[in-house]
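The structure appears right after this line, and notes come after that.
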Amino acid sequence: MPAPTPAAKTERLHVYEYEGMYVSGEWIPTSGPTIEVRSPADGELLGRVSEASADDVDAAVKSARTALDSGPWQSSTPAERAAAITALADAIESRTKLLADVVSAEVGSPRKWATFGQLATTLGVFRACAAIVPDFEFQARRPSVMGGEVLVNQVPVGVVGAIVPWNAPLFTTALKMAPALAAGCTIVLKPSPDAPLAVSMLAECIEEAGIPAGVINIVSGAVATGEALVAHPGVDKISFTGSTGAGKQIGAACAADIRRVTLELGGKSAAVVLDDIVVDSKLIDGLVTGVMANNGQICAAQTRILVPRSRYDEILEPFTAAVSAMKIGDPAERDTEVGPVINEIARDRIEAAVAHAVAEGARVVTGGTRPEGLDSGSYVSPTVLADVRNDMTIARNELFGPVAVVIAFDDDDEAVALANDSEYGLAGAVWSADPARATRVASRMETGSVSINSPAPMDFGSPFGGFKKSGIGREGGPEGIADYLEAQSIIL
């Protein structure tokens, strides 16, 4: 494994201050305390945001309600909303370098991934949604079975409370904001307290795009702020990305009030490598990317690698070599491949999980220790565990770190059974020399999206979401817009 680069050797950003909350097109004071945002690479102060209280959330929701019920957004056409989404994407694109710098600093994402895995995907979501809106059927006339016609309107669900996680703050914001805007909804957006800076910077983009005041509001805060947003009677729908545990609580709260909810939750995705595969750089690089991107902190990370028993070592050895060669260090460095995980609590949890896996019989073939020379940050060496069984704890629970487990199977049926033997079902991949065979295997997997011979977890113009405990609802594509609409039948 290459020697790590010292944390904080790259000049850091200046401290960003976002006092108050962004409501009705301006920053106004809040009554809550200040949250400090620190770098997971070295603990350096990056910025401060103000925590919104329940009263502050109430003001933001009322702002969104006013913008929904009156003003230009209430009467906007699909073409106008598509133009607004495009203008917002343009404003974000013009700030790509700055936003990528901030995401890299506050999340610990390698700088290259922050550009391509965060900003490029954010723009892809916005632009794909804008392209769908003009042809989306917001109104249709249908013949009635009782005679005459029925006018079916697709109307905005209303005020949306959007709660996004820290690991991909801009991308997950886009997955909620773009379809909500397309549907004609208004939004109260709450970023994670661990990574609120890049999301707060979107206020400048919103203004530059000319989106009317109150259509998008931003409140920062921790659990209490999120709870106030979820519980607010003026919020018609909650869209949440985060842990399954938190998703259960949010789902229950919404169910109690019969309010709409979209939940994009955890995953323990499988990359299935079939026995006809050619072991080359495309396969190995794809497997490494699938599990190690963003330091393994992706909900759709393909952390379970299922390989044929007859070719186990043939695949394990080059995969391990590639992981071992990854450069660990300062996420601001352009050639860094693995940065720190979000904080020391996460680091300690990942280390404990690896130790428990070894106690259960797994074998560490690379990593498993803290990288030398990076004592000031929450770094975890990229790790590969072999001889893992699917019933081991590390193969069952989402780890959210740079750790891959390699599991053997004997035939396609067993591979599918192992892939499906999980309470999650978010994403996956199938690798094969025969795309038709891979597609047949993929269609049997109980998961929301499956890529063939690629680690890509989603397509921007298609629905993304989970089976089982990986969530409810879909984001992306026409299905994503539909989740922010209510169907109304007018019988003529």
Side-chain angles (χ1 to χ4, degrees), residues 61-89 125-162 174-188 209-217 232-239 251 254-255 257-264 448 459-465 471-492:
V61 172
K62 288 178 178 176
S63 170
R65 178 63 60 185
T66 299
L68 180 73
D69 292 342
S70 61
W73 199 249
Q74 186 268 341
S75 58
S76 63
T77 66
E80 290 169 340
R81 296 197 294 273
I85 295 168
T86 298
L88 184 56
V125 170
F126 276 115
R127 298 200 187 281
C129 189
I132 293 169
V133 176
D135 296 324
F136 192 93
E137 192 172 60
F138 288 95
Q139 187 178 77
R141 284 177 177 266
R142 302 176 186 173
S144 169
V145 297
M146 297 182 293
E149 288 185 314
V150 177
L151 179 66
V152 180
N153 290 326
Q154 301 290 341
V155 299
V157 71
V159 174
V160 174
L175 284 173
K176 301 176 189 321
M177 188 181 292
L181 293 175
C185 297
T186 57
I187 305 161
V188 178
I211 294 174
V215 172
I216 303 173
N217 308 273
H232 198 290
V235 174
D236 301 294
K237 175 186 171 77
I238 291 290
S239 182
C254 290
D257 291 333
I258 320 296
R259 281 186 289 150
R260 280 58 179 155
V261 64
T262 294
L263 303 173
E264 197 272 277
D459 171 82
F460 302 137
S462 303
F464 175 75
I472 297 172
R474 292 294 182 267
E475 296 179 313
E479 294 84 355
I481 297 174
D483 264 8
Y484 290 86
L485 295 165
E486 295 276 22
Q488 178 195 50
S489 296
I490 299 177
I491 302 166
L492 304 176

Main-chain N/O of G461 paired with D459 side-chain donor or acceptor, under 3.5 Å: yes
Heavy-atom pair with the smallest gap, counting every atom of E479 and P463: OE1-CD, 3.4 Å
Any I216 side-chain heavy atom under 4.5 Å of I211 side chain: yes
Nearest-0.5 Å distance that lies between atom CE in M177 and atom CG in L175: 11.0 Å
Note, F138 side chain near P78 side chain (heavy atom, < 4.5 Å): yes
Test item: P72 and P212 side chains (from C-beta on) under 4.5 Å apart, heavy atoms: yes
Please table the atom pairs, donor to acceptor, closer than 3.5 Å between any side-chain atom in residues 485-492 and protein atoms at least two apart or in another chain.
unit_1	atom_1	unit_2	atom_2	d
E486	OE2	R260	NE	2.7
E486	OE2	R260	NH2	3.3
Q488	OE1	N153	ND2	3.2

Stepwise side-chain contact (heavy atoms from CB on, under 4.5 Å) test for I481 and C129: CA-CA 8 Å; I481 297 174; C129 189; 4.0 Å; yes
Least distance between heavy atoms, A64 atom then N217 atom: CB-ND2, 3.6 Å
Side-chain heavy atoms of L181 within contact of R81, under 4.5 Å: no
From E475 atom CD to D483 atom CG, the distance as rounded to the nearest 0.5 Å: 8.5 Å
Side chain R259, main chain V235, donor-acceptor under 3.5 Å: yes
Sub-4.5 Å side-chain heavy-atom contact between K176 and I187: no
Distance-minimising heavy-atom pair for C185 and V215: O-CG1, 4.2 Å
Donor + acceptor pair across side chains of S239, Y484 (<3.5 Å): yes
From C254 atom SG to L263 atom CG, the distance as rounded to the nearest 0.5 Å: 7.5 Å
Test side-chain contact (heavy atoms from CB on, under 4.5 Å) applied to L68 and Q74, step by step: CA-CA 5 Å; L68 180 73; Q74 186 268 341; over 6 Å; no
With R474 via side-chain hydrogen bond (donor to acceptor under 3.5 Å, both in side chains) - residues at least two apart: none
R65: side-chain hydrogen bond (donor to acceptor under 3.5 Å, both in side chains) partners, not counting sequence neighbours: D236
Non-hydrogen atoms of G214 and S63 that approach each other most closely: CA-OG, 3.4 Å
Interatomic distance, T86 atom OG1 to F126 atom CZ [nearest 0.5 angstrom]: 10.5 Å
Heavy-atom side-chain contact between V152 and Q139 under 4.5 Å: no
Side-chain donor/acceptor of W73 to backbone N/O of A213, under 3.5 Å: no
Residue pair P179 / A174: nearest heavy atoms and the distance that separates them: CD-O, 3.7 Å
